[in-house]
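Fair warning: this is a prediction, and the values are worked out from it, not measured in the lab. By convention in this document, chain letters (A, B, ...) are assigned in the order of the sequence lines, proteins followed by strands, and residues within each chain are numbered from 1.
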Amino acid sequence: MKLNQTIIALAIGCALSVSANAEVLFWSTQAKPAQETQAMRDQVLASSPSKVTYQANDGGPWLTRLQAELQAGSGEIGVLGALHGDFAAMNPDNLVDLDSLGLRAASATFNDLAKLGTNSKQYIPWMQASYVMAANKKALQYLPKGANVDALTYDQLIAWATNVKNATGSAKFGFPAGPKGLKHRFFQGYLYPSYTDGVVRTFASDKAVTAWEKFRELWAVTNPASTNYSFLQEQLLSEEVWIAFDHTSRLANAFNERPDDFIAFPAPAGPEGRGFMPVIAGVAIPKTAPDMAGAKAVVKHMLDPKTQLATLRATNFFPVVDVDLPGDLPPAVQAAGDAIAKMSGSPDANPGLLPAGLGSKGGDFNRIFVDSFERIVLANQDIRTVLNDQKAKLQAIMNETGAPCWAPDAPSKGACPVN
Amino acid sequence: MWSQNKQLPYVLIAPASLFLAVFFLYPFLSVITQAFEHSSSDGYSLKNFQDVFSHWKFSISLENTLLLTAAVVPVQLALALLMATMVNGMTKGREFVLYIWTIPLGISDLAAGIIWLVIFEQTGFLNSLMMSLGLISQPTPLLTYQNPMMIFVAIALAEIWRATAIMLVILVAGIGLIPKEYYEAASVFGASRWQQFARVTLPLLRPSLQTALILRVILAFEVFAVVAALGGTLFPVLMGETYTYQFDLLNSGAAAAIALVILGLSIAFTLLILRVLRVPKGVSI
C-alpha cells in the first residue's frame with residue numbers, strides 16, 4: 001500500500017514537471033528589481049505567443065545555473081536575457097544561431113556585436129541604455145559662469161561641484177563607486193575617451209595621467225560616501241547628492257518619483273571630445289532549451305515594436321528597433337532620452353563601444369580599471385607607477401584573448417596593443 | 001536476527017553518510033582540483049595561487065581578516081562568558097533573557113550588516129542622534145575611505161552583536177553540565193566568586209570553550225556579508241575576494257585557491273585551539 005502511494009506521488013510529480021516544461025523559462029539578468037520583474041511579466045510577456053515564466057537574477061547565480069544546465073546537456077532554461085558582456089563571456093557554441101529568425105536591431109554596430117566574433121548572430125539585441133548625468137535643480141544656481149549644463153566640460157563640472165561644496169558645506173557630487181556600482185564603465189566609456197581618445201592603446205599614456213589627475217580633482221569634491229553608492233537614484237532622492245553620474249535605469253526612480261526636482265543632461269567633455277558608451281542587452285537561446293520553437297517565438301515577440309515600447313515602460317531601457325516614441329512615457333524615460341539625444345548629437349561627441357572580444361576575461365578587464373581607481377584615487381598611489389603596473393596586466397589580457405581594438409581606439413590587426 | 005542487528009547501525013548512518021558524500025565530500029574534492037587547474041596550462045599547477053597571491057589586494061585582505069578575528073573573538077569570548085555566568089545565576093526569567101540574547105542568531109548576516117548600516121550611514125540614526133545632541137551641525141558621512149578606523153569599528157561592533165550568541169549558547173549548556181558539588185566544596189573552603197569562576201568554572205568548561213572558539217574562529221575567517229554591507233570595497237577580506245573571483249571575474253580556479261587558503265587557516269587555528277585547550281589525558285569532566 002505504502003509503495004503504491006509512493007509511485008502515485010512520483011507519477012504526479014513527473015506529470016507536474018512535464019506540464020511546467022510547456023512554459024518557456026526566460027532566465028534573465030535584467031529587470032531585477034521586484035517592480036520591474038512584475039512589469040515584465042504583466043505588461044511585456046503576458047501577450048507572448050508562448051507562455052513565459054520570467055525569472056531575474058544576479059549575474060553570478062544566473063551564470064551558475066546556466067553553466068550547470070549546459071554541462072548536464074539538458075535543462076529548463078528556454079530564453080536568456082542578459083547584457084552584451086554576459087554573452088561575450090560565454091562560449092558561442094553554447095548559444096543557438098539566430099540568423100534564421102531574420103530579426104535585427106536598427107544599429108549595424110549592435111548587430112555586429114551580437115555575433116560575438118562568429119559569422120552569425122548568437123543573441124538578438126533586445127534593449128539599450130546609456131549613462132548620463134543627473135542633477136537636483138537646487139544645484140543649478142551654482143553652475144560656474146558661462147557654463148551650459150547641456151555642454152559641460154570636466155573642468156566646469158569640477159568647478160560646479162566645488163561651488164556646491166563651498167556653498168552647502170558638504171560634497172554633493174555622487175559617483176557609483178560602490179561594490180555594485182558601474183564605475184569601471186565611467187573610466188572605459190567616459191573619462192578615457194574624453195581625455196585620451198582611446199581606452200586600451202592609451203591606457204598608460206601621458207594623456208591618461210592627466211585624466212586621472214582630473215579625476216582626483218573631481219574626487220576631492222565628491223561625496224566620500226560614494227564608495228557605498230551603487231544606484232545614485234537613492235542618494236539623489238535623499239539629497240545626499242545633488243549632481244550624479246550613473247546608468248539611466250539606475251537614475252530612473254528619482255525622475256519618476258519627483259520629476260520636477262531633477263534634470264538629466266549629457267556627460268561632460270574633455271580635450272578629446274565628449275566620450276560616452278551604450279549599454280546593450282540581448283536575448284539568446286541556450287542549446288539546451290527544452291522547447292526550441294517556443295523559445296524562438298518568445299525572442300521574436302521581444303523584438304516586436306509594441307513589445308519594445310512595453311519593455312521601455314517596464315525597465316527604462318530603450319528600444320533597439322525603429323519605433324515612434326509616444327508622448328506619454330514615464331518622466332525618467334523622457335529625461336534620459338533627451339539627455340542621450342543631446343549627448344550623441346553634440347558636435348564634440350566621441351562615442352565609444354562596449355569592450356568586445358574579451359570572452360570570459362571581461363571581468364578581469366573591468367578589474368584593471370577598478371584597481372587603478374582604488375590605488376590612484378582611494379589609496380593615493382603615484383599615477384604613473386600604478387598605470388605602468390596595470391599596463392602589463394592589461395596587455396596580458398589583450399594578448400591572451402587576442403581582442404582587437406574597438407572605438408574610440410584606432411583599429412588593430414590582432415590583439416589591441418597597450419602603447 | 002543477530003546479523004540484522006549488526007548491520008542496523010550502518011544502515012542507520014547510511015543516509016547521513018551518503019548526504020555528506022554527495023553534498024560535502026564531492027564538492028570539496030572538486031574545489032581542491034579546481035584550485036590546481038589553470039586555464040593557461042594542462043594538468044595541475046600552482047598558477048592560481050600565484051595569481052591570487054600576486055594581486056595587490058590579497059595581503060590586505062588576509063591582514064584585515066586576521067585583524068578582525070583578533071579584535072572580535074576575544075571580546076566575544078569575554079562577553080559570552082560573562083553573559084553565560086549571569087544567566088546561570090538567575091532563578092527567574094532565565095529563559096526570557098536567553099531568548100532576547102539569542103535573537104541576533106536568527107538574523108541573517110547580511111540583514112545584520114544592513115541594520116548597522118542604517119545606524120552608521122550619513123542619513124542614519126547615529127548622525128541624527130549626534131545632530132539632536134548638537135554635536136554636529138549637519139549629517140556627515142562616517143563610513144568613508146578617509147575613515148578606515150571607523151569602518152573597522154562598525155564591522156567589529158556588528159560582528160560582536162551578531163555572533164556572540166552562538167558562543168553564549170554553547171557556554172550556557174557547558175556551565176549547566178558542571179556539577180554543583182564543586183561549587184559547594186569551593187565555598188566551604190572559602191573561595192570567592194572570582195576564585196570559583198577561575199578555578200572551577202573555567203577549567204571544567206574547557207570542552208565547551210574549545211567548541212565555541214573553534215566554531216567562532218572558523219566563522220570569523222568566513223566573514224563576508226556584514227563586511228560587504230558596511231565596508232563595501234573599502235575593507236577587503238578573504239571571503240569577499242573569493243566572491244569577486246567567482247562571480248565578478250568568473251575565475252573559479254582562483255576562487256577555489258583562496259577558499260583553500262581560508263580552509264588552511266581554519267585548520268591551523270582549530271589545531272591550535274585543540275592543543276591549547278586540551279583536556280589532560282585520564283581526566284573526565
Item to check | Side chain, backbone, both or neither of L250(B) within contact of chain A (heavy atoms, under 4.5 Å) | outcome: side chain

Next on the checklist: Are more than 12 heavy atoms, taken from residues, nucleotides or ligands other than F28(B), located less than 6.0 Å from that residue's CZ atom?
Outcome noted: no

Checklist entry - Side chain, backbone, both or neither: which part of A177(A) has a heavy atom under 4.5 Å from chain B? => result backbone

Checklist entry - So which part of L142(B) gets closer than 4.5 Å to some heavy atom of chain A, the side chain, the backbone, both or neither? => result neither

At a 3.5 Å cut-off, give me the donor-acceptor pairs between chain B and chain A, one pair per line with the distance.
| residue | atom | partner | partner atom | Å |
| --- | --- | --- | --- | --- |
| H55(B) | NE2 | D371(A) | OD2 | 2.6 |
| W56(B) | NE1 | D371(A) | OD1 | 3.4 |
| W56(B) | NE1 | D371(A) | OD2 | 3.3 |
| K57(B) | NZ | E374(A) | OE1 | 2.8 |
| K57(B) | NZ | E374(A) | OE2 | 3.4 |
| Q122(B) | OE1 | N223(A) | ND2 | 3.3 |
| Q138(B) | NE2 | T168(A) | O | 3.4 |
| Y145(B) | OH | W219(A) | NE1 | 2.8 |
| E241(B) | OE1 | R367(A) | NH2 | 3.4 |
| Y245(B) | OH | R367(A) | NH1 | 3.2 |

Next on the checklist: So which residue, P61(A), A89(A), P179(A), ends up with the most heavy-atom pairs under 4.5 Å with chain B?
Outcome noted: P179(A)

